[in-house]
Chemist: 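Quick one: structure below, then a few questions.
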Amino acid sequence: MSLAAPVRPVLPLWAAGPVAATGGLVLTLAFPALSWWPMAFVGVTLALIALIGRRFWSSALVGFAFGAAFFFVNLLFTARYLGPVPWIALSMLESVLTAAGATLIALAYRWLPRVAAGPWARLVALPALVAGLWTLQEQVVGSWPYGGFPWGRIGVSQVAGPFADLASWVGMSGLTFLVVLFCAAAIEYVRWGRLRRPPTAAPAVVTLLILVLVPQFPTTDAGTLRVGAVQGNGPAGYFDQRAAGDVTRAQLEATAPLFGEDMDVLLWPEGGVDSDPTQVASTAELLDALSDRVAAPLIVAAVTQRGDEYFNSSLLWEAGSGAVQTYDKRHPVPFGEYVPDRAFFEPFAPDLIGLIQREYTPGTAAPIFDLDGIGVGLAICFDVIYDDVVWDGARDGAEIYMFQTNNADFRGTDENLQQLAFARMRAIETGRSVVNLSTVGTSQVIAADGSTIDGLPADVAGHLITDVPLHTGLTPAVVAGEVVKAIIGWGSLTALGVVGLILSARSRSAREKKAPAHDGAGALER
């Protein structure tokens with residue numbers, strides 16, 4: 001069987017790099033603060049066009065250009081207080097991983113048309129393989145190294161658009177897959193038409209219809225929970241000037257207007273208590289008095305110590321009983337809350353590494369509190385960007401989520417809004433209301449459909465008292481999310497490997513068919 005001719009690049013390399021970089025910059029517009037969700041489709045399309053027909057090193061270069069343009073802008077908030085070193089290091093790492101993923105996408109564009117050149121292979125199989133490999137690259141970035149950093153996912157860029165409801169069926173990874181699938185299918189429709197063969201827009205149209213028409217998976221209303229939530233706007237950042245107890249005092253002052261209000265629970269944000277109430281008697285007494293004053297249990301957060309280990313903990317606190325339930329942050333931030341391989345990295349940035357004195361231990365408890373029979377799902381700060389924490393909470397019986405965070409180290413940036421977008425997407429994905437509470441903002445109560453029920457802007461002290469809807473029932477994203485991720489990500493890598501083996505076998509067979517004729521000619525010459 002003859003092999004099809006190699007796929008030619010759509011763009012020369014001198015143009016592909018700038019086009020990919022433009023795609024990365026355009027993609028940043030899809031994320032907060034602008035949230036122009038259609039720009040994700042434009043950015044992905046430009047990146048894919050630049051990769052078509054590329055060989056290994058040129059595809060790596062193009063992928064790096066796209067990744068660098070995106071991440072150096074999207075992660076600029078990391079330089080707000082700590083300077084350029086963390087920003088450059090993180091952005092470079094994400095760009096290199098993006099470059100590695102780009103080489104796989106380029107292989108798909110080069111290999112699959114040579115193995116199967118028919119219209120359905122080009123218009124369906126190829127876009128699906130490309131979308132799967134893009135999603136796999138997101139999954140790798142979000143899990144490696146040191147637990148990964150799943151920030152800037154294509155799926156979360158759609159939270160303000162009409163396609164967000166699909167996340168309740170397929171999760172954020174599935175939504176990423178469908179967005180990239182539409183872009184790749186549209187590209188192949190245009191390319192197939194250029195070959196003067198009857199093209200069909202059916203794959204792209206069907207994908208678009210799925211994106212537009214599938215509604216959010218319904219969960220069941222289960223009453224309401226009256227939640228008091230307090231954003232103290234205290235000096236909670238690494239570099240804020242403060243004395244001992246200043247953050248707690250700021251929280252107390254902002255809580256005072258709630259005294260006398262009827263509530264089922266009072267929620268404080270991450271870092272709202274700046275001493276360990278499980279070790280410091282005066283802090284425990286203060287929380288006991290507060291719980292008595294509001295006649296409700298508290299959900300507060302503090303750094304706690306057990307033996308030689310430190311934890312970033314959420315505590316369900318009851319007057320007279322103390323911390324009756326504890327959840328420890330499952331995903332401490334590398335180089336923020338602990339330093340992996342400290343001896344290796346410290347010589348490169350000793351001043352910055354030296355700021356991180358405590359090494360937080362990852363938690364192992366289920367991310368849920370039982371609040372008088374109501375399941376409260378939990379996530380502390382960047383926990384919210386990891387699927388496992390949120391999905392485990394729902395599976396364990398969460399009827400509402402309470403996300404505690406501290407954005408004080410990123411004041412004046414859009415980091416808090418990007419994190420809030422994750423919280424909104426989690427509400428849609430799980431069919432649960434979310435109370436997303438920050439020490440300094442932006443804080444919001446979010447309905448199960450992603451809409452805002454109540455909120456506080458950044459950099460102000462304030463409080464909320466809200467009847468938050470409860471929901472039961474599991475969405476397909478929660479039930480089968482891990483399976484969907486495995487099928488899309490690792491399934492696409494397996495498919496690419498199979499295509500490569502087929503192509504290699506055919507090439508070897510073609511060489512063997514030519515070999516006898518060559519050997520016979522040699523014998524006649526001899």
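The chain is numbered in sequence order, starting from 1.
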Chemist: Tell me the closest heavy-atom pair linking Val247 and Arg242, and the distance in Å.
Modeler: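 Taking Val247 first and Arg242 second, the nearest heavy atoms are CG2-CD, 4.0 Å.
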Chemist: Angle between ring planes, Phe345 versus Tyr146, binned at 30° and 60°: parallel, tilted or perpendicular?
Modeler: perpendicular
Chemist: Might you point out which heavy atoms bring Gly237 and Asp240 nearest each other, and give the distance in Å?
Modeler: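 Heavy atoms only, the tightest pair is N-OD2, 2.8 Å.
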Chemist: Does a side-chain heavy-atom distance below 4.5 Å link Val376 with Leu316?
Modeler: no
Chemist: So, does Glu415 use its side chain to make a donor-acceptor pair with the main chain of Asn407 at under 3.5 Å?
Modeler: no
Chemist: Could you tell me whether a side-chain N or O of Tyr401 sits under 3.5 Å from a main-chain N or O of Ala423, the two making a donor and an acceptor?
Modeler: no
Chemist: Would the distance check show the side chain of Glu359 and the main-chain N or O of Thr361 forming a donor-acceptor pair, the cut-off being under 3.5 Å?
Modeler: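 Checking the backbone N and O of Thr361 against the side chain of Glu359, no donor-acceptor pair under 3.5 Å is found.
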Chemist: Give, for atom CZ of Phe41 and atom CZ of Phe182, the distance between the pair rounded to the nearest 0.5 Å.
Modeler: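 Taking CZ in Phe41 and CZ in Phe182, the distance rounds to 6.5 Å.
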Chemist: Checking Asp276 against Thr304: is there a side-chain donor and acceptor pair closer than 3.5 Å?
Modeler: no
Chemist: So for atom CG, which belongs to Asp308, do other residues, nucleotides or ligands contribute more than 12 heavy atoms lying within a distance under 6.0 Å?
Modeler: no
Chemist: I would like to know whether Leu166 and Leu211 meet side chain to side chain contact (heavy atoms under 4.5 Å, CB included); could you show each step before the answer?
Modeler: CA-CA 7 Å; Leu166 264 172; Leu211 286 166; 3.6 Å; yes
Chemist: With side chains defined as the heavy atoms from C-beta onward, is the minimum distance between Thr326 and Arg306 less than 4.5 Å?
Modeler: yes
Chemist: Out of Phe77, Trp37, Trp36, Phe70, which residue meets the ring-ring contact (aromatic ring centres under 6.0 Å, His included) rule with Phe31?
Modeler: Phe70
Chemist: Do the charged groups of Asp387 and Arg153 touch, with an N to O distance under 4.0 Å?
Modeler: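 Arg153 and Asp387: salt-bridged.
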Chemist: Are Val339 and Glu346 packed together at the side-chain level, in the sense that at least one heavy-atom pair is separated by less than 4.5 angstrom?
Modeler: no
Chemist: Is there side-chain contact between Ile299 and Gln404, with at least one heavy-atom pair below 4.5 Å?
Modeler: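 Yes, their side chains come closer than 4.5 Å.
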Chemist: Establish, from distance only, whether the side-chain atoms of Gln241 and Asp246 form a donor-acceptor pair under 3.5 Å.
Modeler: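 No pair is found: no donor N or O on one side chain lies under 3.5 Å from an acceptor on the other.
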Chemist: Testing the basics here: between Thr466 and Leu464, what is the closest heavy-atom pair and its distance to 0.1 Å?
Modeler: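 Closest approach of Thr466 to Leu464: OG1-CB, 3.9 Å.
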Chemist: Where is the tightest heavy-atom contact between Ile368 and Gly375, given as atom of each residue plus distance?
Modeler: CD1-CA, 4.0 Å
Chemist: I need the Leu175 CG to Ser168 OG distance, nearest 0.5 Å.
Modeler: 10.0 Å
Chemist: Any side-chain heavy-atom pair from Trp144 and Leu97 closer than 4.5 angstrom?
Modeler: yes
Chemist: About how many Å separate CG of Leu315 and OG1 of Thr278, when rounded to the nearest 0.5 Å?
Modeler: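 Answer rounded to 0.5 Å: 7.0 Å.
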Chemist: Under the criterion side-chain hydrogen bond (donor to acceptor under 3.5 Å, both in side chains), I'd like the reasoning laid out for Thr283 against Ser275: C-alpha separation, chi angles, the key distance, then a yes or no.
Modeler: CA-CA 7 Å; Thr283 305; Ser275 57; 2.5 Å; yes
Chemist: Do the side chains of Val265 and Leu298 get nearer than 4.5 Å, heavy atoms only?
Modeler: no
Chemist: Is it the case that the side chains of Thr452 and Gln444 hold a donor-acceptor pair, with the cut-off being a distance below 3.5 Å and no angle test?
Modeler: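 Looking only at side-chain atoms, Thr452 and Gln444 do form a donor-acceptor pair, the distance falling under 3.5 Å.
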Chemist: Cation over ring, Arg293 on Phe259, under 6.0 Å and within 45°?
Modeler: yes
Chemist: Should Val445 and Val434 count as side-chain neighbours, where that means a heavy-atom distance under 4.5 Å?
Modeler: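 No. Closest side-chain heavy atoms not under 4.5 Å.
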Chemist: If you apply the rule ring pair (Phe, Tyr, Trp, His ring centres under 6.0 Å), what do you find for Tyr386 with Trp151, and how did you get there?
Modeler: CA-CA 9 Å; Tyr386 293 91; Trp151 199 266; 10.0 Å; no
Chemist: Cut-off 3.5 Å, side chains only: do Asp274 and Thr248 have a donor facing an acceptor?
Modeler: yes
Chemist: Evaluate side chain to side chain contact (heavy atoms under 4.5 Å, CB included) for Phe403 paired with Leu437, printing each intermediate quantity in order.
Modeler: CA-CA 6 Å; Phe403 298 155; Leu437 183 64; over 6 Å; no
Chemist: Is it the case that Thr439 and Gln231 place a side-chain donor and acceptor less than 3.5 Å from each other?
Modeler: no
Chemist: Any donor-acceptor pair under 3.5 Å linking the side chain of Ser91 with the backbone of Ile88?
Modeler: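 Here the side-chain-to-backbone pair does not exist.
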Chemist: Does Asp264 use its side chain to pair, donor to acceptor, with the backbone of Leu225 at less than 3.5 Å?
Modeler: no
Chemist: Would a distance-only check, ignoring hydrogens and angles, find a side-chain to backbone donor-acceptor pair under 3.5 Å from Gln305 to Gln279?
Modeler: no
Chemist: Tell me whether Trp87 contacts the main-chain N or O of Phe72 through its side chain, where contact means a donor paired with an acceptor under 3.5 Å.
Modeler: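 It does hold such a pair.
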Chemist: Start with the C-alpha distance between Glu138 and Thr176, add both sets of side-chain angles, then the distance that settles side-chain hydrogen bond (donor to acceptor under 3.5 Å, both in side chains), and finish with yes or no.
Modeler: CA-CA 9 Å; Glu138 271 196 359; Thr176 291; 3.0 Å; yes
Chemist: Is there a side-chain hydrogen bond (donor to acceptor under 3.5 Å, both in side chains) between Asn312 and Glu270 once you walk through the steps?
Modeler: CA-CA 8 Å; Asn312 188 345; Glu270 179 192 29; 2.7 Å; yes
Chemist: Give the C-alpha distance, both sets of side-chain angles, the deciding distance and a yes or no for side chain to side chain contact (heavy atoms under 4.5 Å, CB included) between Met402 and Val227.
Modeler: CA-CA 10 Å; Met402 297 188 187; Val227 180; 3.8 Å; yes
Chemist: Should Asp165 and Val214 be marked as a side chain to side chain contact (heavy atoms under 4.5 Å, CB included) after you check the CA-CA gap, both sets of side-chain angles, and the distance that decides it?
Modeler: CA-CA 7 Å; Asp165 287 347; Val214 175; over 6 Å; no
Chemist: Can you tell me how far CD of Gln137 sits from CD of Glu94, rounded to the nearest 0.5 angstrom?
Modeler: 8.5 Å
Chemist: Could Asp392 and Arg330 be called an ion pair, given the rule that one side-chain N must be under 4.0 Å from one carboxylate O?
Modeler: yes
Chemist: Is Asp221 reaching over with its side chain to a backbone N or O of Gly223, donor-acceptor style, under 3.5 angstrom?
Modeler: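 No; judged by distance alone, with no hydrogens or angles, the pair does not exist.
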Chemist: Search all heavy atoms of Ala20 against all heavy atoms of Phe66 and return the closest pair with its distance.
Modeler: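 Result for this residue pair: O-CD1, 3.3 Å.
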Chemist: If you apply the rule ring pair (Phe, Tyr, Trp, His ring centres under 6.0 Å), what do you find for Phe177 with Trp134, and how did you get there?
Modeler: CA-CA 7 Å; Phe177 173 81; Trp134 187 299; over 10 Å; no
Chemist: Donor-acceptor check, side chain of Arg432 to backbone of Thr430, threshold 3.5 angstrom: yes or no?
Modeler: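 A pair under 3.5 Å: yes.
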Chemist: Just wondering, do Val389 and His331 contact through their side chains at under 4.5 Å, heavy atoms?
Modeler: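 In short, these two side chains touch, coming nearer than 4.5 Å.
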Chemist: Do Ser35 side-chain atoms and Ala160 backbone N/O form a donor-acceptor pair below 3.5 Å?
Modeler: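 No; zero donor-acceptor contacts below 3.5 Å.
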Chemist: Could you list the residues that satisfy ring-ring contact (aromatic ring centres under 6.0 Å, His included) with Phe64, not counting sequence neighbours?
Modeler: none
Chemist: Among side-chain atoms of Glu429 and Trp391, is any donor-acceptor pair under 3.5 angstrom?
Modeler: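 Indeed, the side chains of Glu429 and Trp391 share at least one donor-acceptor pair under 3.5 Å.
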Chemist: Rounded to the nearest 0.5 Å, what separation is found between the CG atom of Leu378 and the CD atom of Gln325?
Modeler: 9.0 Å
Chemist: Thinking salt bridges, do Glu337 and Lys329 make one under a 4.0 Å N-O criterion?
Modeler: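 The answer is yes: the pair qualifies as a salt bridge.
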Chemist: Closer than 4.0 angstrom, basic N to acidic O: yes or no for Arg80 and Asp414?
Modeler: no
Chemist: Between OG1 of Thr442 and CG of Leu456, what distance do you get to the nearest 0.5 Å?
Modeler: 9.0 Å
